[in-house]
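Read through the structure below, which is laid out as structure tokens, and then see the notes.
When a ligand or atom number is given, it counts from 1 through the structure's own listing order.
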Amino acid sequence: MANEGSAINPFETAKRQVDIVADLLHLDTGVREILKHPKRELTVNFPVRMDNGSYHVFTGYRVQYNMARGPTKGGIRYHPQVTLDEVRALAAWMTWKCAVVNLPYGGGKGGVICDPKHMSKDELQRLTRRYASEIGPIIGPEMDIPAPDVYTDSQTMAWIMDTYSMQKGYSVPGVVTGKPISLGGSEGRGEATGRGCAYVIREAAPHAGIRVKGASVAVQGFGNAGSVAAKLLHDEQGAKIVAVSDSKGGIHNPEGLNPHTVEEFKLKTGSVVNFPGSRSITNEEILELPVDVLIPAALENQITKRNADKVQAKIVAEAANGPTVPEADVTLFEKKITVLPDILANAGGVTVSYFEWAQDIQGFFWPLAEVNQKLEAVMVRSYNDVHKVAEQQHVHNRTAAYVLAIQRVVDAINIRGIYP
Ligand code: NAD
């Protein structure tokens, strides 16, 4: 999926997005500068003993972008291409995401430069525990609450929770979210991102002139976020899933695919490719299909200047973070495509992470139905908030979401005042 997008520095994109909204909100230079700087960044270089007895020094980051609205919240990514600028951008986006759905959080993010696909489970455990110790002084349930991101999962969170708790001398489940249920994780967290995305598509459909029942849907990236969205749109809203893809390629059947059967096939064979009764397509082609709803749910920088005019969907719902570059946004807007921006469309994950943290702090856990009902309420309210700003200010949904989010952060900065 490498394309022109790969060269784009995500933090430059994040700052450009702030500038666009700062102009619209007539923000003064001082506030604008605050919004374009991470509040706190920690770089850690730490040794890990590898299975062959050697030591390898890894570099990791934790960025706390803005905490005007509350403790910072955001995932930890393990990837060979992690950079400080990427972590800064992801931390900025977390700040706006938490604000757009009105959670009492700021935004943060972490990353370790490593190749988890070539590390053993023991090596990953030692890396995680040492990284958790290194960032330990700046995380905590009232300060900064990590969660899983690319190539980290509930096991990673369990190790971080345990490491932090060992150092405190008592169990602190609220230090991370996305934990296993047995350690204070929340019901519904696993499917929250896809579920939240399905709710906002349902809310947006009438405004985009489509009915979800019978609507054709293509999903790029049939992983956690994408496959759950596909299954819920299919099962609960009667949509027709016509194409899905993963890192190995995509499949298309205009008559519709059963996402459950595709998932079983992927589990057995390692990919959706060659699913019986489908035609193979590329990860570029899936973006350009004549569908009602396109869900980019894989990586960033997928819809660019190069292919934006070929997108035919009526709704683009960004389950992935940053799948559309700013130049492409303009084209999609001109084509009257309803974009449900990432900071809204995939905010279901952080919303249920917030529920998890709230349950951990109370020590009182909610049944699945209650979690989903509360998630639905947050997503519906947030979609309506964004839609209202878009209508009032004649801007597209991404700008509207940013206007709403940044205004909320600015209000918190202003009412708190600048210390000292
Ligand atoms: P995942 O690893 O479960 O799934 C990713 C899917 O994308 C996999 O099916 C993978 O095969 C596919 N993929 C990888 N490279 C690809 C490529 N080059 N072309 C097409 N498909 C490719 O990850 P996920 O948790 O579903 O995350 C997907 C996106 O959603 C990311 O951008 C992530 O930041 C975002 N997101 C996830 C959550 C969450 O709670 N899981 C929350 C918010 C945002």
Side-chain angles (χ1 to χ4, degrees), residues 1-3 5-6 10 73-79 81-82 86-87 89-91 93-94 96-98 100-101 107 109-111 116-117 146-154 156-157 177-179 185-186 188-197 200 218-231 243-251 259 262-263 265-267 269-273 275 280-287 294-303 317-324 340-356 375 379:
M1 230 166 20
N3 56 33
S6 339
K73 185 90 194 75
I76 290 171
R77 177 171 293 198
Y78 288 175
H79 198 276
Q81 262 103 46
V82 163
E86 180 188 51
V87 179
L90 291 163
W93 291 328
M94 281 307 297
W96 320 138
K97 190 182 297 184
C98 291
V100 86
V101 287
K109 202 83 183 189
K117 282 190 175 167
D149 190 67
V150 177
Y151 294 134
T152 55
D153 56 17
S154 57
T156 322
M157 296 306 113
T177 60
K179 296 181 297 294
S186 178
R189 175 63 185 87
E191 61 168 31
T193 303
R195 182 170 282 279
C197 186
V200 289
V219 182
Q220 186 202 44
F222 198 65
N224 178 338
S227 69
V228 171
K231 284 185 284 185
V244 301
S245 71
D246 58 32
S247 57
K248 302 207 173 76
I251 54 170
V262 175
E263 187 173 49
F265 182 81
K266 183 175 160 74
L267 272 176
T269 66
S271 173
V272 299
V273 176
F275 180 72
S280 290
I281 53 170
T282 65
N283 263 306
E284 285 76 32
E285 285 165 343
I286 196 168
L287 302 171
L294 170 65
I295 306 180
L299 303 176
E300 54 271 31
N301 300 334
Q302 295 305 300
I303 304 178
E318 297 180 338
N321 280 313
T324 309
L340 299 170
D342 48 8
I343 61 169
L344 171 68
N346 69 34
V350 72
T351 300
V352 176
S353 270
Y354 162 60
F355 296 162
E356 177 177 335
L375 170 64
M379 299 311 294

Is there a polar contact between ligand 1 and Ser247, counting only N or O atoms under 3.5 Å apart? yes
Supply the atom-to-atom distance Phe355 CZ to Thr177 OG1, rounded to the nearest 0.5 angstrom. 12.5 Å
Is ligand 1 under 4.0 Å from a heavy atom in the side chain of Ala297, in the backbone, in both, or in neither? backbone
Can you sort out which atoms of ligand 1 are near Ala320, meaning under 4.0 Å from one of its heavy atoms? 29 (C), 30 (O), 32 (O), 35 (C)
Taking distance alone, with no angle check, do Ala319 and ligand 1 share an N/O pair under 3.5 Å? yes
Does any N or O of ligand 1 fall below 3.5 Å from an N or O anywhere on Leu299, backbone included? no
Electrostatic pair Glu191-Lys231, nearest N-O below 4.0 angstrom: no
Rounded distance [0.5 Å steps], CZ in Phe265 versus CZ in Phe222: 12.0 Å
Which option, Ala298, Ser227, Gly223, owns the non-hydrogen atom nearest atom 8 (C) of ligand 1? Gly223
Evaluation steps, side-chain contact (heavy atoms from CB on, under 4.5 Å), between Gln220 and Asn283: CA-CA 7 Å; Gln220 186 202 44; Asn283 263 306; 3.3 Å; yes
N/O of Ser245 under 3.5 Å from N/O of ligand 1, yes or no? no
Can you find an N or O of Ala225 that's nearer than 3.5 Å to an N or O of ligand 1? yes
Record the part of Thr193 in heavy-atom contact with ligand 1 below 4.0 Å; permitted values are side chain, backbone, both and neither. side chain
Taking ring-ring contact (aromatic ring centres under 6.0 Å, His included) as the definition, give me every residue that meets it alongside Tyr151, ordered by chain and number, with sequence neighbours left out. none
Please compare Asn224, Asp153, Thr282, Asn283 and report which has the shortest non-hydrogen distance to atom 25 (O) of ligand 1. Asn224
Hey, does Glu300 sit under 4.0 Å from ligand 1 if you only count heavy atoms? no
So does Gly178 get a backbone contact from the side chain of Glu356, meaning a donor-acceptor N/O pair under 3.5 Å? yes
Just by distance, with hydrogens left out, do Thr156 and Asp153 show a side-chain donor and acceptor under 3.5 Å apart? yes
Is the contact between Arg189 and ligand 1 made by the side chain, the backbone, both, or neither, using heavy atoms and a 4.0 Å cut-off? side chain
Residues Lys266 and Ser227: side-chain donor-acceptor under 3.5 angstrom: no
Check: Arg189/Ser353 side-chain N/O donor and acceptor closer than 3.5 Å: yes
Mind checking whether Val150 has an N or O less than 3.5 Å away from an N or O of ligand 1? no
Is there at least one pair of N or O atoms, one from Asn346 and one from ligand 1, spaced under 3.5 Å apart? no
